[in-house]
Amino acid sequence: MTVTEPDTQGVEAALLVVDPDLAILSADRETTVVWHTKKTHRVSLRTATAGLWRAFAVPRTVRSVVEPLVADSPALRERLYASVAGLREQGLLVPYLPDGVTLPTGRGGMFNAPVLPLADALRGNASDLVFIGMPYDVGVTHHPGSRFAPNFLRRTSGALFQYRDTADGPPGAYDPVGGRQLLAGRRLADVGDISQVVHTRNGPSFAMLTQVVSATAAAGRLPVVIGGDHSITWPVVQGLTGHHKALGVLHIDAHTDYAEPRTDGWERDLHHGNVMNWVIGHDSVHRVVQYGIRQLEQPRCSPSDKRLVWPGTTAATATPQQLLAQLPEDIAYHVTIDVDGLDPSALGSTGTPLPGGFTHRELVALLGLLCRSRRIAGIDMVEVLPSASEVDGLVAADVLLRTVDAATGPRS
Ligand SMILES: [Mn+2]
């Protein structure tokens, strides 16, 4: 028997994207109905095929989508390439032209970084770190509004630091307090927001975020996600664990976010008050260290041997040796910053503020130490609730700037 190799040479490298005129009309376990808004016709897909289709929500090469899924099975590889070809024939996937103008480009990203399509941001030496907006706040138990934080922080952060890339590389900015250049040589890109017309609770935008974080990590860039409420840390961690088989999580927060889930399915149950329970339950997460915890607990959180807690501001008075002794050096860490870890006098624009938190200086020092001393796989900042005052935006952006600088600078 002769086996004909499928002609995948050109196909594998093709850069495809979901036709921007398509919308998901309905989806259940078996069937996803897609609606072409311009041509007003409907296509029914098996939901598994729709998952493959949605992997192209951002421009991706066929190879980068298919190869991680095939697990050395030539039959599965052939079937997936055939599925992608079918999606192209049906017009559900269209070629993406890097020089086209289908996506917003230009400046105006975080710290005035260029806004690029993901495929461009991950190409060549376009970036060392990639900002990803996640304007999602369907997982809150109290005040919504953090969906507006990505654009709020893009706007306010430009007042703090204006990213530039010169012929000699990005100069960063001189910090007269620390006496050195921040972010010197580091290339910044912003890929805009993970978007759906309407974000549904724990819906398809989580899979998109996981894919974008995963693609960014696979390309060796640091993903920096701007939430959004704290439930978005779950898809971020899922995106990182594909590339880091052992992950630690460094968690800044006033709250443990450790409420007991009511069911065993995150799709139904995940919210910003139980997100760390889901994260700790992930097999690849070996350690979660929580800093700033001060919410009264009723009842007391059940212990986990993966979990360590520095209550209130105790981490600010601990020695570096005490803090680092808990963090094995052979694993990578995700840093998740809930801005309510800060005291409300430093930052009040958040959904569930609590007195007794870190000052700005304490938090910057803590994150600086942790991020300089360990390998950082990803960063997210969550629960910023934009207010009329831009001061809190500047405080949050400043914490992020210094954290990102420490995470991408020389290790000590
Ligand atoms: Mn939180």
Side-chain angles (χ1 to χ4, degrees), residues 134-150 152-153 201-202 206 209 224-238 240 248-261 266 269-282 285 287-298 300-302 304 306-313 315 333-344 346-358 360 362-363 366-367 370 378-386 392 395-396 399-400 403:
M134 183 62 173
Y136 171 95
D137 61 9
V138 194
V140 298
T141 49
H142 201 40
H143 290 299
S146 59
R147 77 184 71 175
F148 302 112
F152 176 67
L153 291 177
R201 186 163 183 264
N202 303 338
F206 274 29
L209 179 57
V224 182
V225 180
I226 313 296
D229 73 58
H230 216 153
S231 57
I232 65 122
T233 297
W234 174 242
V236 173
V237 164
Q238 285 182 303
L240 293 173
V249 177
L250 308 175
H251 174 208
I252 307 292
D253 209 314
H255 317 84
T256 58
D257 293 355
Y258 200 61
E260 211 53 63
W266 66 264
D269 223 18
L270 173 73
H271 59 77
H272 77 159
N274 69 15
V275 60
M276 296 315 289
N277 217 313
W278 293 101
V279 167
I280 281 178
H282 197 296
V285 173
R287 176 142 306 188
V288 173
V289 189
Q290 303 185 302
Y291 307 89
I293 305 301
R294 55 194 187 275
Q295 184 191 26
L296 306 178
E297 298 178 25
Q298 291 179 308
R300 196 159 174 212
C301 280
S302 50
S304 155
K306 290 185 187 177
R307 175 172 166 249
L308 297 160
V309 178
W310 289 87
T313 57
Y333 291 86
H334 175 60
V335 179
T336 176
I337 308 167
D338 185 329
V339 294
D340 67 27
L342 285 160
D343 191 77
L347 183 150
S349 300
T350 183
T352 47
L354 264 186
F358 294 114
H360 165 263
E362 286 170 343
L363 184 57
L366 173 63
L367 284 166
L370 299 176
I379 295 172
D380 69 56
M381 173 172 269
V382 296
E383 302 286 348
V384 174
L385 216 71
D392 287 350
V395 173
V399 170
L400 191 65
T403 302

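Order of appearance sets the numbers: ligands from 1, and atoms from 1 within every ligand. Residue indices begin at 1 and follow the sequence shown.
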Do we see a donor-acceptor contact under 3.5 Å between the side chains of Asp253 and His255?
-> yes
Modelled atom types, side-chain donor and acceptor of His271 and Asp229, under 3.5 Å = no
Of all the N, O or S atoms in His230, the one nearest to the Mn ion (ligand 1) is ND1
Can you name the N, O or S atom of Asp257 that is closest to the Mn ion (ligand 1)?
-> OD2
Looking at Asp338, pick out the N, O or S atom nearest to the Mn ion (ligand 1) and give its name.
-> OD2
Any Val249 side-chain heavy atom under 4.5 Å of Val285 side chain | yes
Atom name of the N, O or S atom in Asp253 that lies nearest to the Mn ion (ligand 1) | OD2
Answer yes if the side chains of His230 and Ser146 hold a donor-acceptor pair under 3.5 Å, and no otherwise.
-> no
